[in-house]
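This report concerns only the one structure given below.
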Amino acid sequence: MNRPLPPELHPDTLAVRAGTERTQFREHGEAMYLTSSFVFDSAAQAAACFSGEEEGYVYARFSNPTVTAMQNRLAALEGGEACIATASGMSAILSLAMATMQAGDHVVASNGLFGATQQLFGGILSKFGIATSFVPATELDAWRAAVTPRTRLFFTETPSNPLTEVIDIAGVAAIARAAGVIFAVDNCFCTPALQRPLELGADVVVHSATKYLDGQGRVLGGAVVGSKAITDEVFKFLRTAGPTLSPFNAWVILKGLETLRIRMEAQSASALELARWLEAQPGVARVYYPGLESHPQHVLAMRQQKSGGAIVSFDVKGGREAAWKVVDATRLISITANLGDTKSTITHPATTTHGRISAEARATAGIGDGLLRIAVGLEDVDDLKADLARGLAG
Ligand SMILES: *Cc1c(COP(=O)(O)O)cnc(C)c1O
C-alpha cells in the first residue's frame with residue numbers, strides 16, 4: 001500500500017508521487033485531514049508525543065498529515081532536505097527571519113523585492129532591531145560591500161518584480177558562503193519547475209504557494225525549504241507563533257504541484273511569444289522578459305532558468321494615460337495585481353503594487369508611469385494578443 005518509492009526519481013514523477021502516505025483505506029488520491037487535534041491511546045502516549053519522545057501528530061498548529069504530504073512533495077521538487085509550510089508567502093519570509101535572527105542582526109536584500117517583503121525587512125523588522133541594507137542585486141560587488149560583522153541573512157528574488165531583473169544565484173551564494181551568511185531565494189516567479197536555487201548554492205528557498213504552486217488562484221500558502229538545521233528552527237517559531245498552513249490549503253497546493261511543470265512550460269512558451277509580439281508593436285517602448293535576447297541578463301537567465309518564466313512587463317509609449325488605455329481596453333485579461341494563475345492578469349504597478357512609494361523611488365527603481373505587467377496564463381496566446389492590441393492600436 002505504502003510501497004517505498006524507488007530512489008533517484010525524476011522531478012515529473014516526484015511531482016505526482018512524493019509525499020503520498022495512504023491510510024488503512026488504501027485510498028488512491030491523497031486524503032485531506034480536516035482535524036485540529038489528534039487523540040492518544042493513553043496518558044503515557046500523550047506525554048511521549050508532547051515531549052517528542054514518540055513521533056506522532058499532536059495539534060494542527062504544529063503539523064497535520066496533509067500538510068506533511070505537501071511539505072515532503074515540495075522539498076523533493078526543490079531538492080531540499082526538508083520543508084515547512086506556512087499560511088502565506090509573507091509568513092514564510094517572516095518565519096525564516098524570526099528563526100534565523102535576533103536584535104542587532106543585519107540583512108542584505110535586493111532592492112527589487114515584492115512590496116510587502118520590502119516593508120517587512122525595511123519597516124517591521126527594523127522596529128525590532130534588525131537592520132536591512134537594500135542593494136542593486138545584479139551587481140555582485142554590492143552584496144560583498146554591504147556585509148557587516150552582524151550580517152546573518154542575504155535575501156533575493158529572481159526574476160524580480162516587476163522588471164524581471166535576473167540575479168546571479170551562484171554568484172551571490174559564493175559571497176554568502178565566504179561571509180558565513182545564510183542565503184535565501186524567493187523562488188515564487190520560476191518555481192522548481194524552472195529554477196532550483198538550492199542546486200545553485202542557495203541555503204534556503206521561500207515560496208508564496210499562493211502563486212504558481214497552487215496555480216489556479218484558490219488558496220494562500222507559503223513554504224520554507226532547505227537544510228533540516230534551518231527548517232527545524234523555522235518549525236520552532238511556527239509551532240509557537242502559529243502562522244501554520246491549513247490542511248485544506250495544503251491539499252489544494254499538493255494537487256497543484258502535480259501539474260506545475262506542464263503549466264509553467266505552457267505559460268512560459270506563451271509569455272515568450274507574447275513578449276516577441278509586444279517588442280514589434282509600435283506603441284511599445286520596451287519589453288522586459290528574460291527569455292528575450294534584448295534582456296540585459298538574458299545569457300545568465302538561460303543558464304540559471306529552464307525558460308524565461310510567465311511574467312512579461314513592458315513600457316507603453318505615452319505614460320500613464322496610454323498604459324491605462326491598454327488596461328481598460330482588455331476584455332479577457334483580468335485587471336488584478338495577482339499572478340501565477342491559469343487566467344492571465346494585467347497590472348499597472350505605478351498606481352497599484354508600487355503606488356505607495358514616492359515617485360522618485362519609483363523612478364530610481366525604473367518603474368515608469370507607462371509600465372504594465374502581465375502574468376501570462378493558459379489562454380490561447382492569439383486571444384491575449386488581440387486583447388492587448390485593442391488598447392495599443394489607437
Ligand atoms: C505574492 C508574493 C509574496 C507574498 O506571498 P503571499 O502568499 O501573498 O503572502 C512574496 N514574494 C513574491 C515574489 C510574491 O509574488
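Atoms within each ligand, like the ligands themselves, are counted from 1 in listed order. Values reported hereafter were calculated over all heavy atoms of this structure, with side chains retained and with hydrogens, waters and symmetry mates removed. Positions are given from 1 along the sequence.
Close approach to Gly89 involves these atoms of ligand 1, each under 4.0 Å from a residue heavy atom: 5 (O), 6 (P), 7 (O), 9 (O). The distance from ligand 1 to the heavy atoms of Gly221 drops below 4.0 Å at these ligand atoms: 7 (O). Distances below 4.0 Å separate heavy atoms of Cys188 from the following atoms of ligand 1: 12 (C), 13 (C), 14 (C), 15 (O).
Protein heavy atom in closest approach to atom 8 (O) of ligand 1: Ser208 OG, 4.1 Å. Scanning the protein heavy atoms around atom 4 (C) of ligand 1, the nearest turns out to be Phe114 CE2, 3.5 Å. Among protein heavy atoms, the minimum distance from atom 7 (O) of ligand 1 is reached at Thr210 OG1, 2.6 Å. Distance from atom 15 (O) of ligand 1 to its nearest protein heavy atom, with residue and atom name: Lys211 NZ, 2.7 Å. The protein non-hydrogen atom at the shortest distance from atom 9 (O) of ligand 1 is Met90 N, 2.9 Å.
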Please set out all donor-acceptor pairs under 3.5 angstrom arising from side-chain atoms of residues 165-180, sequence neighbours excluded.
residue : atom : partner : partner atom : Å
Asp168  : OD1  : Ala170  : N            : 3.3
Asp168  : OD1  : Gly171  : N            : 2.9

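Defined by atom type and a distance below 3.5 Å, a donor-acceptor pair is present between the side-chain atoms of Glu30 and Thr20. Residues Arg263 and Thr259 have side chains that bring a donor and an acceptor to within less than 3.5 angstrom of each other. Between Glu265 and Ser307, the side chains place no donor N or O within less than 3.5 Å of an acceptor N or O (distance only, hydrogens not considered).
In this structure, Ser91 has no heavy atom closer than 4.0 Å to ligand 1. By the 4.0 Å heavy-atom criterion, Asp186 is counted among the residues contacting ligand 1.
Considering Met264, Gln305, Lys306 in turn, Gln305 is the only one that fulfils the side-chain contact (heavy atoms from CB on, under 4.5 Å) rule with Gln195.
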Chi angles and distances behind the side chain to side chain contact (heavy atoms under 4.5 Å, CB included) call for Arg73, Arg17: CA-CA 8 Å; Arg73 188 167 290 175; Arg17 294 286 180 183; 5.8 Å; no
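The hydrophobic side chain of Met302 is isolated, with no ILVMFWY side chain under 4.5 Å apart from it.
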